[in-house]
Amino acid sequence: MRRKLIAGNWKMNGSLAANAALLNGIKADLGQPACAVAVCVPAPYFAQCKAALAGTSVAWGGQDLSVHESGAYTGEVSGAMLRDFECTYVVVGHSERRTYHGESNELVAQKTGSAIKAGLTPIVCVGESLAEREAGQTEAVVGAQIDTVLAALDVDDVARIVVAYEPVWAIGTGKTATPEMAQDVHAMLRAKLASRNAAAAESVQILYGGSMKPDNARELLAMPDIDGGLIGGASLKAADFLAIIKAA
Ligand code: PGA
């Protein structure tokens, strides 16, 4: 049985004061969650998360990392720096980075390798645009995204990733994939994982992301290949995030 993972993606939101209120709200009502829980936060807040979350059942992580280990790369943050603040996870290849920063499948594959090398668990994001879905290209686009990552990974490292299927048209739009639409893509992703490492495919968590909310989380999370959620907007409100954690 795969344990579910509910990971918040705060994106470029927060402040010391707002984060303190959010983290306190989460901790106050979390209890003993049945699923794994994490928040992926802007880099300046790693220290705050470490101070607030060490010893709790909430892990923390980043939203991107450099492919380089150190050196003259102004503005970049390395995997080792994330580990210095005891980050567990790092989001890799989010569609906003692919779109606004031109991240290619090849770069996302490299970042996945860099994260593993640094001792982080990469949450590798894949997903098609609305135009691609309407053109019947979902499987080809998402398939190429995951294949590029899998081809670059050592076989034994396949078990060390988390995958997040995030249809671009569902991110921040209030539109969600139906549970069946998401399940179809998740099953395809698991078959891709299995073709590289059959044993690992059984254990890798495949999250759904894109307007997951308290009122649709339960039916999405009931699908056999949906192992959790990558939550944007709803992770910024303690009550909503907690409700999704309860649904898992
Ligand atoms: P959303 O974002 O939940 O606000 O749609 C999800 C994501 O981009 O990870």
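Bear in mind the structure is a predicted one, so any value in this text is a computation, not a measurement. Just so you know, these numbers use all the heavy atoms, side chains as well, and skip hydrogens, waters and symmetry mates. In this chain, numbering begins with 1 at the start of the sequence shown. Read the numbers this way: they start at 1 and go in the same order the structure lists the ligands and their atoms.
- For the residue pair Gln145 and Asn105, no side-chain donor N or O sits within less than 3.5 Å of a side-chain acceptor on the partner.
- In terms of modelled atom types and a separation under 3.5 Å, the side chain of Arg133 and the main chain of Pro167 share no donor-acceptor contact.
- In this structure, Arg2 places its CZ atom where more than 12 heavy-atom neighbours from other residues, nucleotides or ligands lie under 6.0 Å away.
- With sequence neighbours excluded, no residue forms a ring-ring contact (aromatic ring centres under 6.0 Å, His included) with Phe241.
- Taking a cutoff of 4.0 Å between a charged side-chain nitrogen and a carboxylate oxygen, Asp64 and Arg97 qualify as a salt bridge.
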Anything under 3.5 Å between an N or O on ligand 1 and a protein N or O? List each pair with its distance, or write none.
residue  : atom  : partner : partner atom : Å
ligand 1 : 2 (O) : Lys11   : NZ           : 3.4
ligand 1 : 3 (O) : Ser211  : N            : 3.4
ligand 1 : 3 (O) : Gly232  : N            : 2.9
ligand 1 : 4 (O) : Gly233  : N            : 2.8
ligand 1 : 5 (O) : Gly172  : N            : 2.6
ligand 1 : 5 (O) : Ser211  : N            : 2.7
ligand 1 : 8 (O) : Lys11   : NZ           : 2.7
ligand 1 : 8 (O) : His94   : NE2          : 2.7
ligand 1 : 9 (O) : Asn9    : ND2          : 3.3
ligand 1 : 9 (O) : His94   : NE2          : 3.3
ligand 1 : 9 (O) : Glu166  : OE1          : 3.3
ligand 1 : 9 (O) : Glu166  : OE2          : 2.7

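- Atom NZ of Lys117 has 12 or fewer neighbouring heavy atoms from other residues, nucleotides or ligands inside a 6.0 Å radius.
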